[in-house]
Enquirer: 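Below are the structure tokens for one structure; questions will follow.
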Amino acid sequence: MLRLSQLFVRTLREDPSDAEVPSHRLLVRAGYIRRAAPGGYTWLPLGWRVLRRVEAIVREEMDAMGAQEVHFPALLPRDVYEQTNRWNEYGDNLFRLVDRKGADYLLGPTHEEMFTLRVKDLYSSYPDLPVSLYQIQTKYRDEARPRAGLLRGREFLMKDSYSFDIDGAGLKKSYDDHRDAYERIFRRLHLPYVIVKAMSGAMGGSVSEEFLAPIEAGEDTFVRCTSCDYAANTEAVATGSLEPDSVGHPATTEVVTPGCGTIASLVDFLNANNPRPDRPWGASDTLKNVVLSLRHPDGSRETVVIGVPGDREVDLKRVEAQVSPAEVEPLDEAGFAAHPRLVRGYIGPQVLGAASAAGIRYLLDPNVVPGSAWVTGANRADTHVLHLVNGRDFSCDGEIEAVEVRAGDPCPVCSRPVEIARGIEIGHVFQLGRLYADKLGLQVLDQNGKQVTVTMGSYGIGVSRAVASIAEVFNDELGLKWPRAVAPADVHVVVTGKNDDAITQAAEALARDLESRGLEVLIDDRNGVSPGVKFKDAELIGIPTIVVVGKSLADGNVEVRDRHAGTNTAVAVGEAAEAVVALSRG
RNA sequence: CGGGCUGUGGCGCAGCUUGGUUAGCGCGCUUGUCUGGGGGACAAGAGGUCGUGGGUUCAAAUCCCGCCAGCCCGACCA
């Protein structure tokens with residue numbers, strides 16, 4: 001039994017000034033956590049209980065799907081990460097340290113290498129596979145900017161698992177098993193989630209999905225269909241299929257457009273001097289050609305131009321996800337100087353293309369559909385062309401998903417409008433394939449006695465982040481209100497009488513009764529604390545069932561309050577324990 | 001890493017502009033009395049390197065510079 005008179009906790013009457021998002025504010029205020037370091041939190045007894053309950057659910061479901069729990073060190077030697085080049089590639093987010101001998105170490109941000117090498121160490125033939133291993137481990141990432149309390153720390157608890165299979169079909173099954181287990185886990189946690197398609201980046205062809213909890217404080221933006229179940233990370237979202245433009249367009253004409261280096265000025269100028277007969281010109285009639293510089297992994301640079309409708313911005317993250325592993329940035333001054341054919345503000349596709357004299361690749365966003373007509377630059381200062389038709393007057397070297405996605409864009413599956421939402425990544429499932437196994441030489445003998453490279457998946461759940469996400473979803477103006485599956489206790493007994501009187505005795509007896517029925521009980525047995533304070537604390541702490549033993553005892557009743565339903569029911573003392581048990585199981 | 005704001009007892013804040021008593025208020029904490037169904041009252045207390053290092057000055061919480069930390073926005077985030 002937890003006694004509030006003894007419990008190591010202090011609730012705060014006011015919000016801590018450094019906490020902004022609800023989960024951070026309430027977890028600190030209700031005495032679950034305290035900040036200990038930049039991006040690091042101390043778990044106080046209440047918080048630690050919630051974390052352990054979440055962890056237990058994750059563990060149960062992982063075990064149930066046949067994964068085996070192991071535990072690696074968080075402190076890892078550099079050389080292993082050298083072999084996969086992640087010592088370098090992981091960049092500044094890797095926590096690095098040096099021991100007394102000057103040897104380099106790191107604090108594990110994720111453990112692909114260690115698991116791969118351990119499997120290589122123990123297993124060597126196909127009957128050993130498949131195998132899925134997992135751990136629940138403290139992870140470290142040297143985030144440039146920890147924020148939002150537990151939602152984005154530098155030290156956090158994560159369940160990471162890895163599957164090892166002999167072939168693609170096996171990997172697919174391991175992946176699906178994990179995906180199913182994740183769905184069960186998040187359902188049990190009562191954490192709403194959306195599974196979104198994620199970019200697999202350089203691993204081309206591999207499958208990756210993220211589990212996002214749709215909460216405002218989240219830092220991921222995703223797209224979901226208002227009609228079907230399509231959802232995707234904005235980087236991975238595909239443009240809905242658009243009809244080609246089959247309307248006949250007038251022949252191309254050049255117009256002199258002095259000082260029209262921007263889309264807005266161009267549209268204004270055209271409406272004033274070259275009005276359309278049918279409707280005013282708009283930014284969406286213009287073709288904007290954005291010049292980007294790609295930096296390839298070998299260090300070489302390439303200039304490319306991407307054509308998008310003038311009313312849209314280019315989303316560099318989406319572009320980067322598609323040209324990965326190359327990195328993308330806008331072309332700088334020196335870059336323009338090296339390409340005299342690119343007349344800034346007046347760039348048009350007529351002179352572009354890999355086969356052109358300039359030799360610059362020209363890519364089009366799918367929103368620039370075949371047959372559509374555009375106003376665009378004439379590649380001479382102060383001159384634009386009208387009615388330049390895609391396919392008739394210019395061509396491209398390929399398509400690229402480049403524009404920022406907007407609410408209302410058509411769903412790639414059902415063409416109904418999509419919406420944009422915010423979420424936090426609480427899980428990620430990833431078919432790694434043979435990337436790590438290749439680099440670390442994880443091979444086993446197959447049935448024919450041949451060495452084959454093992455294919456892998458990696459799967460993560462942010463356990464501490466899940467706690468924060470649950471707090472983010474389940475709260476109101478009074479405080480937290482935990483789902484029963486993860487609450488720090490099942491029932492919170494509030495004693496409003498003075499010590500040693502009948503009320504106290506009845507409350508203590510009820511608490512013991514509840515405990516003997518298998519419930520975890522938190523009792524507010526503090527003496528000399530007014531009822532108002534106790535009620536406020538109970539609501540703030542957020543245990544889903546609150547039983548008040550107080551003045552209604554005179555009528556033989558206690559009050560059973562349901563924090564979620566907001567109900568307050570008088571129940572005879574003798575029936576209270578049963579009623580609470582029923583509520584807790586309901 | 002860039003921009004903005006901030007750092008004063010456990011928590012929330014005032015004081016800083018214009019340097020000068022013993023650094024103040026509310027909450028919380030301790031003791032006592034009262035009170036006892038919505039953060040109650042009265043009284044007496046404890047608790048402070050004013051983030052930190054340097055500088056200016058007879059004198060710095062206050063002015064100047066560096067650093068550290070926090071929050072927000074952006075960049076970053078397999």
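In what follows, chains carry the letters A, B, and so on, assigned in the order in which the sequence lines appear, proteins first and then strands, with residues in each chain numbered from 1. When reading the values below, keep in mind they use all heavy atoms of this one structure, side chains included, and skip hydrogens, waters and symmetry mates.
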Enquirer: Return each pair, listed once, that meets salt bridge (charged side-chain N to carboxylate O under 4.0 Å, His left out) where at least one residue sits in residues 37-46 of chain A; pairs must be two or more places apart or across chains.
Expert: none

Enquirer: Without decimals, in angstroms, what is the distance between A:Arg465 CZ and B:C77 P?
Expert: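 Nearest whole value for this atom pair: 14 Å.
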
Enquirer: Starting at NE2 of A:His428 and ending at P of B:C77, how long is that distance when rounded to a whole Å?
Expert: 14 Å

Enquirer: Roughly how far apart, to the nearest Å, are B:A44 and B:U21 at atom C1'?
Expert: 25 Å

Enquirer: Could you list the residues that satisfy side chain to side chain donor-acceptor pair (under 3.5 Å) with A:Ser161, not counting sequence neighbours?
Expert: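 Side chain to side chain donor-acceptor pair (under 3.5 Å) list for A:Ser161, sorted by chain: A:Lys159, A:His178.
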
Enquirer: Using atom C1' of each nucleotide, how far apart are B:G4 and B:G20 to the nearest Å?
Expert: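 Approximately 34 Å lies between the C1' atom of B:G4 and that of B:G20.
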
Enquirer: Any N or O donor-acceptor pair under 3.5 Å from the base of B:G38 to the side chain of A:Arg561?
Expert: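 Side chain to base: pair found, below 3.5 Å.
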
Enquirer: What protein N or O atoms touch nucleotides 12-14 of chain B N or O atoms at under 3.5 angstrom, if any, and at what distances?
Expert:
residue, atom, partner, partner atom, Å
B:G12, OP1, A:Ser17, N, 2.7
B:G12, OP1, A:Ser17, OG, 3.0
B:G12, O2', A:Glu14, OE1, 3.1
B:C13, OP2, A:Ser17, OG, 3.4

Enquirer: At a heavy-atom distance below 4.0 Å, what parts of residues 72-84 of chain A sit against RNA chain B?
Expert: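 Within this stretch, nothing sits under 4.0 Å of the strand.
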
Enquirer: Give the residues of residues 29-44 of chain A touching RNA chain B, defined as any heavy atom closer than 4.0 Å, sorted by residue number.
Expert: A:Arg29, A:Arg35, A:Pro38

Enquirer: Can you give me every donor-acceptor pair (side chain of residues 467-477 of chain A, partner residue at least two apart or in another chain, under 3.5 Å) with its distance?
Expert:
residue, atom, partner, partner atom, Å
A:Ser469, OG, A:Arg465, O, 2.8
A:Glu472, OE1, A:Ser23, N, 3.1
A:Glu472, OE1, A:Ser23, OG, 2.6
A:Asn475, ND2, A:Ala471, O, 2.9
A:Asn475, ND2, A:Glu472, O, 3.0
A:Asp476, OD1, A:Leu478, N, 2.8
A:Asp476, OD1, A:Gly479, N, 3.1
A:Asp476, OD1, A:Arg563, NH2, 2.9
A:Asp476, OD2, A:Arg563, NH1, 2.8

Enquirer: Ignoring hydrogens and angles, state whether a donor on the side chain of A:Asp562 or A:Thr567 is under 3.5 Å from an acceptor on the partner side chain.
Expert: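 No.
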
Enquirer: With A:Leu480 as reference, evaluate A:Val50, A:Leu27, A:Ile543 under the side-chain contact (heavy atoms from CB on, under 4.5 Å) test and give the passing residue.
Expert: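 Single pass found, and it is A:Leu27.
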
Enquirer: Check each of A:Ile541, A:Leu2, A:Leu44, A:Leu46 against A:Val9 using the side-chain contact (heavy atoms from CB on, under 4.5 Å) test, and report the only one that passes.
Expert: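 Option passing the side-chain contact (heavy atoms from CB on, under 4.5 Å) with A:Val9: A:Leu46.
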
Enquirer: Got a minute to check which stems RNA chain B is part of, using Watson-Crick or G-U wobble pairs under 3.5 Å, three or more consecutive?
Expert: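 The stems are B:1-7 with B:68-74, B:10-13 with B:24-27, B:29-34 with B:40-45, B:51-55 with B:63-67.
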
Enquirer: Measure from the side-chain heavy atoms of A:Arg86 and tell me the nearest of B:G37, B:A78, B:G40.
Expert: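 Selected nucleotide (nearest to the side chain): B:A78.
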
Enquirer: Side chain of A:Ser530 only, heavy atoms from C-beta on: which candidate in B:G37, B:G40, B:A78 is closest?
Expert: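 Closest nucleotide among those given: B:G40.
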
Enquirer: Let me know the distance between CD of A:Glu219 and P of B:C72, rounded to the nearest Å.
Expert: 11 Å

Enquirer: Expressed as a whole number of angstroms, how long is the span from A:Arg526:CZ to B:G36:P?
Expert: 19 Å

Enquirer: Determine the sole option in A:Arg154, A:His111, A:Glu155 for which the side-chain contact (heavy atoms from CB on, under 4.5 Å) test with A:Lys139 is passed.
Expert: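 Considering A:Arg154, A:His111, A:Glu155, a side-chain contact (heavy atoms from CB on, under 4.5 Å) with A:Lys139 is found only for A:His111.
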
Enquirer: Of the options B:G28, B:C72, B:C11, whose atoms approach the side-chain atoms of A:Arg10 most closely?
Expert: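 In terms of side-chain proximity for A:Arg10, the closest of B:G28, B:C72, B:C11 is B:G28.
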
Enquirer: Suppose you measure atom C1' in B:C76 against the same atom in B:G2; what distance do you get, rounded to whole Å?
Expert: 12 Å

Enquirer: Return each pair, listed once, that meets salt bridge (charged side-chain N to carboxylate O under 4.0 Å, His left out) where at least one residue sits in residues 74-85 of chain A; pairs must be two or more places apart or across chains.
Expert: A:Arg78-A:Glu82, A:Arg78-A:Asp104

Enquirer: What integer number of Å spans the P atoms of B:U17 and B:G7?
Expert: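 About 14 Å, rounded to a whole number of Å.
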
Enquirer: Answer with yes or no whether A:Arg152 presents, from its side chain, a donor or acceptor under 3.5 Å of a partner atom in the base of B:C77.
Expert: yes

Enquirer: Using heavy atoms to find the nearest nucleotide of RNA chain B for A:Glu112 and A:Pro531 separately, return the residue whose nucleotide is more 5′.
Expert: A:Pro531

Enquirer: What residue pairs, at least two apart or across chains, pass salt bridge (charged side-chain N to carboxylate O under 4.0 Å, His left out) with a residue in residues 33-42 of chain A?
Expert: none

Enquirer: Decide yes or no on side-chain hydrogen bond (donor to acceptor under 3.5 Å, both in side chains) for A:Thr455 and A:Asp165, but give the supporting numbers first.
Expert: CA-CA 5 Å; A:Thr455 183; A:Asp165 281 278; over 6 Å; no

Enquirer: Please list, chain by chain and in numerical order, all residues satisfying side chain to side chain donor-acceptor pair (under 3.5 Å) with A:Glu14, sequence neighbours excluded.
Expert: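 Per chain and number, A:Glu14 pairs via side chain to side chain donor-acceptor pair (under 3.5 Å) with no residue.
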
Enquirer: Between B:G40 and B:C50, how far apart are the C1' atoms? Round to whole Å, please.
Expert: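 That atom pair is separated by 33 Å.
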
Enquirer: Ring of A:Trp43, cation from A:Arg49 - is the NZ or CZ under 6.0 Å from the centre and inside 45° of the axis?
Expert: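 No, cation not above the ring by the 6.0 Å, 45° rule.
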
Enquirer: Can you check the A:Arg25 CZ to B:G70 C1' distance for me, whole Å?
Expert: 17 Å

Enquirer: Answer with base, sugar-phosphate or nothing: what part of the nucleic acid does A:Thr110 contact at a heavy-atom distance below 4.0 Å?
Expert: base

Enquirer: Taking C-beta and beyond as the side chain, do A:Glu302 and A:Ser293 meet within less than 4.5 Å on heavy atoms?
Expert: no

Enquirer: Name the residue closer to the 5' end of RNA chain B, choosing between A:His24 and A:Asn93 according to the nucleotide with the nearest heavy atom.
Expert: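 Looking at the nearest nucleotide for each, A:His24 comes out on the 5' side.
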
Enquirer: Once side chain to side chain donor-acceptor pair (under 3.5 Å) is applied, what residue pairs with a partner in residues 534-547 of chain A remain, sequence neighbours excluded?
Expert: A:Thr11-A:Asp537, A:Arg484-A:Thr545, A:Arg526-A:Asp537

Enquirer: Which whole number of Å gives the distance between the P atom of B:C65 and that of B:G70?
Expert: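 Pairwise P distance, B:C65 against B:G70, rounds to 23 Å.
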
Enquirer: Using the P atom on both, measure B:C42 against B:C27 and round to a whole Å.
Expert: 9 Å

Enquirer: List for me each residue that meets salt bridge (charged side-chain N to carboxylate O under 4.0 Å, His left out) alongside A:Glu425, sequence neighbours excluded, and say none if there are none.
Expert: none

Enquirer: Take the protein atom NZ of A:Lys536 and the nucleotide atom P of B:G38, then report the distance between them rounded to whole Å.
Expert: 11 Å

Enquirer: Give me the distance, rounded to whole Å, that separates B:G12 from B:G28 when you measure between the C1' atoms they each carry.
Expert: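 One C1' to the other, the span is 11 Å.
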
Enquirer: Record whether the side chain of A:Glu20 comes under 3.5 Å of the base of B:G70 through a donor-acceptor pair of N or O atoms.
Expert: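 There is none.
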
Enquirer: Please give, in whole Å, the distance from B:C77 P to A:Arg141 CZ?
Expert: 12 Å

Enquirer: Could you state the CG-P distance from A:Asn568 to B:G38, rounded to the nearest angstrom?
Expert: 13 Å

Enquirer: With the threshold set at 4.0 Å, does a side-chain nitrogen-carboxylate oxygen contact exist between A:Arg147 and A:Asp18?
Expert: no

